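Take this structure first; my questions come after.
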Amino acid sequence: MQSQPLDLAILGGAVFDGEKYIPAPCHVGIRDGVIVELGDAVSAAIGPDTEIVQAEGRLVHPGMNDSHVHPIEAGMEMLGCNLADGWNRDDYLATVREYVTTHADVEWIVGAGWQQAAFPGGAPLKEDLDAICDDRPIILSNRDHHSAWVNSEALRRCGIDASTPDPADGRIERDADGTPTGTLHEGARMLALSHAPQPTVDTMYEGFLLGQRKLVGYGITSWQDALIGQYGNHSPEFYTVYRTAEDRGELIGRVNGALWWERTQGTEQIAAFVERRAAVSGRRFRADTVKIMQDGVAENQTAAMLEPYLVPGGCAHRAPENAGISFVDPDRLRDYVVELDRQGFQVHFHALGDRGVRESLDAIEAARAANGDASTQMHTIAHIQIISPDDVPRFAALNADANMQPLWASYDPQMVDLTVPFLGDERVGHQYPFASLHRAGSHLSGGSDWPVTSADPWLGIHVAVNRQVPAEHPDFNPLVFLENERLPLDVALRAYTLGGIETNGRAHEVGRLAPGMAADVVVANRDPFQGEAADIHETAAARVYVDGTLVHTNDH
């Protein structure tokens, strides 16, 4: 019997301990914020003041980890012209019209959340926005934040016209005579956003509180914020927001922040990264990762490909001038990663195209070779949409994390209308090869990229297992997307718990339900291991604990 009674006993539920499923009943005992017992011994340690939670018919699991998310930005979008709840052109225009009408004092109308698939060719037109407001600039990023929809006034104030060349890292959509049509991709989007007012620190903090509350409500108790440094309209104050939240006692989750690698600079940036990392060493918020965006996205054909995209219309021949963009020269990328690795930083790559993924793997390989036994960081490659089969085994060989956003691995309109026609049959089959990576021994972590798509981890797990969104989802397609790449439920859930925790270097603290681990614990509303795969998305967090303290409940 325990020398002291438990503070909390969670009784009768099934358990996923971070690696394996343990059928009910399996009890969990917590004292002083730490898991002290798992199994039958819990009952003997219950005292008169022990809080008891009955979990029959439910799953108890470690707190979820989102390995790639932007909660401050998502929260700020919820405060602004937020198009995320819409699904088509009419929805978006109605939202913009309402915002313009109710915010007459806002000079620059900045928002986000539209889907490219809602518009022909993924490129909305300025005239739609001009009809709503032609005397104030409107800049609306799409859901993945790689493109922007702008009105004529925004183009005028930003100095973008027919004579403006495409930036090296972006593209301006134009009509036949070169006049911008209202859609800006990648660096062209950032060119426009650089003219808009920066958000205030108070707005950022308000956005953080909203974003954090949303994540915690999903059972997410730790995450990697994939961009906390300067990037166009993003502010370096994201770093300060987290520090302030921890100082105020308002940071609930355990957060790893990814410092932004400015691609127009070189290794001179690293000294400032070292200072920022040292300033938060040992805290709940850490900044020991550097984010390098190596390419764009497939939908606007800026993801870096080994072979060119097919010409519009999906014709059989390729357009040799368009194989996407490598934002960082691959030779320089290797040098940068070698030095970051030597300095003990994790590198978080954004890489969607097969060339972008290969360039990232090549850089990790160079770091392993150069730094030898001192190269111990688990670097992470996020998004991994298209991977050459030749590169799948390299993830395990290089101890590189495959950072999945499973919700994208389905036949949604964006995949059907804007990706499949420009890849061709062979490369379509190379997309989101989660099961292939798992079979090859790769380390997997799961994330959302919220606000790009929903932060709900059980929705992501649902798609990882089914390769379809749920039948009631607006984007449902009865076709299963590459059925042979389905993951087993336990593998997918591990990626969203211990897998992401391992990537963040916190597996000695959390990520497993085992004695001695901090009690970041979720009691779900059901046990998905005992239901149908088609119902996985119905799982949700009923009770969420961090260090044994209840931080969210939806337990009715």
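Please read these numbers as outputs of a predicted model, since none were measured by experiment.
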Checklist line | Flag if over 12 foreign heavy atoms under 6.0 Å of CD, Glu98 | finding: no
Margin query: Taking CZ in Arg512 as the centre, count heavy atoms belonging to other residues, nucleotides or ligands within less than 6.0 Å. Is the count above 12?
Written below: no
Next item on the list: Kindly give the heavy-atom pair with the smallest separation between His462 and Ala534, and that separation in Å.
Entry: CE1-O, 3.2 Å
Note to self: With a 4.0 Å cut-off on N to O distance, would you call Glu77 and Lys214 a salt bridge?
What the structure shows: no
Notebook entry, point to check: Can you tell me if NZ on Lys126 sees more than 12 non-hydrogen neighbours from other groups inside 6.0 Å?
Noted result: yes
Notebook entry, point to check: Are Arg467 and Phe434 in a cation-pi contact, defined as NZ or CZ under 6.0 Å from the six-membered ring centre and within 45° of the axis?
Noted result: yes
Next item on the list: Sequence neighbours left out, what passes side chain to side chain contact (heavy atoms under 4.5 Å, CB included) with Glu538? Give chain and number order.
Entry: Arg526, Asp535
Check: Counting only heavy atoms not in Glu472, do more than 12 sit closer than 6.0 Å to its CD atom?
Finding: yes
Notebook entry, point to check: Can you check whether His68 and His350 have ring centres sitting under 6.0 Å from each other?
Noted result: no
Note to self: Which residue in the set Asn477, Val469, Asn466 passes side-chain contact (heavy atoms from CB on, under 4.5 Å) when paired with Ser410?
What the structure shows: Val469
Next item on the list: Assess the pair Phe208 and Phe238: is the distance between their ring centroids shorter than 6.0 Å?
Entry: no
Margin query: Can you confirm whether more than 12 heavy atoms, excluding those of Asp425, are under 6.0 Å from its CG atom?
Written below: no
Next item on the list: Could you give me the CA-CA distance, side-chain angles and deciding distance for Ile461 and Leu489, then say whether side-chain contact (heavy atoms from CB on, under 4.5 Å) is met?
Entry: CA-CA 7 Å; Ile461 291 168; Leu489 176 55; 3.6 Å; yes
Next item on the list: Report the residues that fulfil salt bridge (Lys or Arg N to Asp or Glu O under 4.0 Å) with Arg394, sequence neighbours left out, ordered by chain and then residue number.
Entry: Asp362, Glu365, Asp391
Notebook entry, point to check: Regarding Asn504 and Arg254, is there a side-chain donor-to-acceptor distance under 3.5 Å anywhere?
Noted result: no
Next item on the list: Name all residues meeting the salt bridge (Lys or Arg N to Asp or Glu O under 4.0 Å) criterion together with Asp128; count only those two or more places apart in sequence or in a different chain, and write none if there are none.
Entry: Arg89
Checklist line | Exercise: identify the closest heavy-atom pair between Val15 and Leu59 | finding: C-CD1, 3.8 Å
Check: Got a second to check how far Asp144's CG is from Gln405's CD, nearest 0.5 Å?
Finding: 12.0 Å
Notebook entry, point to check: Can you name the closest pair of heavy atoms from Thr419 and Ala298 and give their distance?
Noted result: CG2-CB, 4.2 Å
Next item on the list: Look at the rings of Tyr242 and Trp223 and say which category their plane angle falls in: under 30° parallel, 30 to 60° tilted, over 60° perpendicular.
Entry: tilted
Notebook entry, point to check: Between Trp114 and Ala148, which heavy-atom pair has the shortest distance, and what is it?
Noted result: CZ2-C, 3.9 Å
Margin query: Show the nearest heavy-atom pair for residues Asp66 and Ala455, with the distance to one decimal.
Written below: OD2-O, 4.5 Å
Next item on the list: Decide yes or no on side-chain contact (heavy atoms from CB on, under 4.5 Å) for Leu423 and Gln431, but give the supporting numbers first.
Entry: CA-CA 10 Å; Leu423 292 182; Gln431 291 188 92; 3.8 Å; yes
